[in-house]
J.: 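Before we start, here is the structure in question, set down as structure tokens.
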There are 2 protein chains.
Amino acid sequence: MALEHAILISLAERSASGYDLARRFDASIGHFWRASHQQIYKVLARMEADQWVSAQVIPQGSRPDKKVYEITDAGHEELARWLAVPTPPEHVRSEFTVKLRALHLLDRSLVFEAVAARRAEHEQRLLAYEESAQKFFPSPADLADEQLGPYLALRGGIRLERNGIEWCDEIAHTLEAR
Amino acid sequence: MALEHAILISLAERSASGYDLARRFDASIGHFWRASHQQIYKVLARMEADQWVSAQVIPQGSRPDKKVYEITDAGHEELARWLAVPTPPEHVRSEFTVKLRALHLLDRSLVFEAVAARRAEHEQRLLAYEESAQKFFPSPADLADEQLGPYLALRGGIRLERNGIEWCDEIAHTLEAR
DNA sequence: GGGCGCATGTAAAGCGTTACATGATTGC
DNA sequence: GCAATCATGTAACGCTTTACATGCGCCC
């Protein structure tokens, strides 16, 4: 159950409304833990009941009211506790790889298309990551302490996409060679 | 909803009982799509109702009866249909990366431990994959058509673990340098 | 006039994990 | 005696996705 904790980390950086969090998830943490706004609202309600966060309603005139959440002391404690617990091994869950296993049941041309499409996705994300890196961490040698984590996370994303691209190329080459 | 289809692929290779499938998932497909036996039994029941598979009960004397499932024509059709549908982009879901983002909230020594533990997991899986590769695909240049998919899937696993190890090393080096 | 952004949710259904349940055989 | 392997499930719970719902303001 890590969505709670992902939200705590995000709120520890800066207080935010559910809507803000949803956008933040789209933009940054979401690269490693996706969450919809519906889910975020539900979890926030539970977290408020558990007093990990406290909310303040801010009227905004024409726009709908905003509920800005802030992490509480109890929330910080829970976050520290969770961070210290060893992370269980993660399992890959890849529909693409499942399909790949059965490639002989499919037209070769369709396989090429699928691999090309996946490669393009990797490339697009890689580009986005590299732009983020350039923008937020132009000088990685001298990062502030709080930036180190986000920087290394982004590095992981970049590695993942590059690796994905290389794998797609290997698949394509292997298929071409027959 | 890919478990159904992962099972169809497995049954297309060879008929099997739920128990067999569970072990097969532990050993091979499970590297890319984990499933518990409970889940497999539940899904098999639904697939039988949908007539994607048919079951034959085999008494075994002392041992409990076996229900061996076989893919039907409708199952093959469904599998072909599904294989041809473009795979939606996959999202990473990594608790480790979420934690990594908040590394500044944790003792440096705990971070090193966590990274070392993760590196060890990668290394262990890499070793297992490389043994599989050696054992099942000793001569990748001349593979049968049906082996190509499993081989390339395994290659993906090997790449993933190597990449994970390199990332762990990068994290450790970056942290040591400060 | 239509679509997008802001802002918050409810409801239903499906998917997945964990715990529980049974019972014989084989190996240490 | 104890654990593991074979073999199949049920039940409860929690997480996730998808669909539905509302309503104003801004821009083209």
Side-chain angles (χ1 to χ4, degrees), chain A residues 1-8 15-27 29-30 32-50 53 55-69 82 87-95 98, chain B residues 1-8 11 15-27 29-30 32-50 52-53 55-69 82 87-95 98:
Chain A
M1 211 196 317
L3 179 53
E4 263 102 332
H5 299 100
I7 289 177
L8 283 179
S15 297
S17 68
Y19 189 86
D20 294 336
L21 282 169
R23 277 184 319 169
R24 233 182 261 177
F25 267 73
D26 281 348
I29 297 191
F32 318 108
W33 199 278
R34 196 149 286 259
S36 65
H37 69 104
Q38 294 95 324
Q39 215 191 140
I40 288 171
Y41 283 122
K42 218 187 292 182
V43 171
L44 275 174
R46 188 171 61 220
M47 293 170 76
E48 197 182 357
D50 291 345
V53 299
Q56 204 186 342
V57 177
I58 297 179
Q60 298 196 112
S62 70
R63 298 250 177 91
D65 288 0
K66 214 180 194 171
K67 252 175 108 175
V68 174
Y69 291 89
W82 178 76
T87 310
E90 285 156 13
H91 307 297
V92 178
R93 171 154 289 199
S94 166
E95 199 171 311
V98 172
Chain B
M1 214 192 318
L3 179 53
E4 261 101 331
H5 299 98
I7 290 177
L8 284 178
L11 289 180
S15 296
S17 68
Y19 189 86
D20 295 336
L21 282 170
R23 277 185 318 170
R24 232 183 262 178
F25 267 74
D26 280 350
I29 299 192
F32 318 109
W33 199 278
R34 194 149 287 259
S36 64
H37 69 106
Q38 295 94 325
Q39 214 192 143
I40 288 171
Y41 284 122
K42 217 186 298 182
V43 171
L44 276 174
R46 188 171 61 222
M47 291 169 77
E48 196 182 358
D50 291 345
W52 293 0
V53 299
Q56 203 185 343
V57 177
I58 297 177
Q60 298 196 113
S62 70
R63 299 252 175 90
D65 288 0
K66 217 180 193 173
K67 254 175 106 176
V68 174
Y69 291 90
W82 177 76
T87 309
E90 285 156 13
H91 307 297
V92 179
R93 169 154 291 198
S94 168
E95 199 172 312
V98 172

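Lettering of chains follows the sequences in order, A, B, ..., and the numbering in each one begins at 1.
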J.: Between C1' on C:dC15 and CD1 on B:Ile40, what's the gap in Å once rounded to a whole number?
T.: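 The answer, rounded to whole Å, is 14 Å.
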
J.: Closer to the 5' end of DNA chain D via nearest nucleotide, is it B:Tyr69 or B:Arg93?
T.: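 Its nearest nucleotide lies further toward 5', so the answer is B:Tyr69.
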
J.: Nearest of C:dT18, D:dT8, C:dT8 to any side-chain atom of B:Lys67?
T.: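 For B:Lys67, the side-chain atoms sit closest to D:dT8.
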
J.: Measure the distance from CD on B:Gln39 to C1' on D:dT8 and round it to the nearest whole Å.
T.: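 Rounded to whole Å, this separation is 16 Å.
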
J.: For A:Glu4 and D:dG14, give me the distance from atom CD to atom P, rounded to whole Å.
T.: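 So the two atoms are 11 Å apart, to the nearest Å.
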
J.: Distances under 3.5 Å only, N/O to N/O: pair up the protein atoms with those of nucleotides 10-12 of chain D.
T.:
none

J.: What is the nucleic acid contact for B:Arg34, judged by heavy atoms within less than 4.0 Å: base, sugar-phosphate only, or nothing?
T.: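 The residue B:Arg34 makes no contact with any strand.
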
J.: Closer to the 5' end of DNA chain D via nearest nucleotide, is it B:Val68 or A:Ala35?
T.: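 Of the two residues, B:Val68 wins.
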
J.: Rounded to the Å, how far apart are A:Asp65 CG and D:dG23 P?
T.: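 After rounding, the reported distance stands at 15 Å.
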
J.: Ignoring backbone atoms, test whether B:Arg23 places a side-chain nitrogen or oxygen under 4.0 Å from the OP1 or OP2 oxygen of D:dC6.
T.: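 B:Arg23 to D:dC6 OP1/OP2: side-chain N or O found under 4.0 Å.
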
J.: If I take atom OG from residue A:Ser15 and atom OH from residue A:Tyr69, how far apart are they, to the nearest 0.5 angstrom?
T.: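 Between A:Ser15 OG and A:Tyr69 OH, I get 12.0 Å after rounding to 0.5 Å.
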
J.: Can you measure from CG (B:Leu3) to CZ (A:Arg93) and round to the nearest 0.5 angstrom?
T.: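 Output value for this atom pair is 7.5 Å.
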
J.: Is the shortest side-chain heavy-atom distance between B:Leu21 and B:Leu11 below 4.5 Å?
T.: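 Yes - at least one pair of side-chain heavy atoms lies under 4.5 Å apart.
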
J.: Whole angstroms only, please: what is the CZ-C1' distance between B:Phe25 and C:dT17?
T.: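 Computing the B:Phe25:CZ to C:dT17:C1' distance gives 16 Å.
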
J.: When the distance from CZ of B:Arg46 to P of C:dG16 is rounded to whole Å, what number comes out?
T.: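 Rounded to the whole Å, the gap is 9 Å.
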
J.: Any chance you could measure A:Arg24, atom CZ, to A:Ser17, atom OG, to the nearest 0.5 Å?
T.: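 Rounded to the nearest 0.5 Å, the CZ-OG separation comes to 8.5 Å.
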
J.: Would you say a side-chain N or O of B:Ser17 is under 4.0 Å from OP1 or OP2 of D:dT8?
T.: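 Result: yes.
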
J.: Between A:Glu95 and B:Thr87, is any side-chain donor less than 3.5 angstrom from a side-chain acceptor?
T.: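 Note: A:Glu95 and B:Thr87 side chains miss the donor-acceptor criterion.
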
J.: Calculate the interatomic distance between A:Asp26 atom CG and C:dG5 atom P; express it in whole Å.
T.: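 My rounded result for the distance is 11 Å.
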
J.: Given atom CG of A:Asp20 and atom P of C:dT8, what is their separation to the nearest angstrom?
T.: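 Result: 7 Å.
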
J.: Rounded to the nearest 0.5 Å, what separates atom CG in B:Leu44 from atom CD1 in B:Ile7?
T.: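 The CD1 atom of B:Ile7 is 4.5 Å from CG of B:Leu44, to the nearest 0.5 Å.
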
J.: Once side chain to side chain contact (heavy atoms under 4.5 Å, CB included) is applied, do any residues pair with A:Asp26, and if so which ones, sequence neighbours excluded?
T.: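 Scan of A:Asp26 (side chain to side chain contact (heavy atoms under 4.5 Å, CB included), adjacent residues dropped) gives A:Arg34.
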
J.: Between the two end axes of the helix from C:dG1-D:dC28 to C:dC28-D:dG1, each built from 5 base pairs, what angle do you get to the nearest 10°?
T.: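 The end-segment axes of the helix from C:dG1-D:dC28 to C:dC28-D:dG1 are tilted 40° relative to each other.
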
J.: Looking only at heavy atoms, which two atoms of B:Trp82 and B:Ala2 are closest? And how far apart?
T.: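 Heavy-atom minimum between the residues: CZ2-CB, 4.2 Å.
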
J.: Could you work out which one of D:dT18, C:dA7, D:dT16 sits closest to the side chain of A:Ser36?
T.: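 Of D:dT18, C:dA7, D:dT16, D:dT18 is nearest to the side chain of A:Ser36.
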
J.: Please work out which of the three classes, parallel, tilted or perpendicular, describes the rings of B:Trp52 and B:His5, given edges at 30° and 60°.
T.: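 B:His5 and B:Trp52: tilted rings.
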
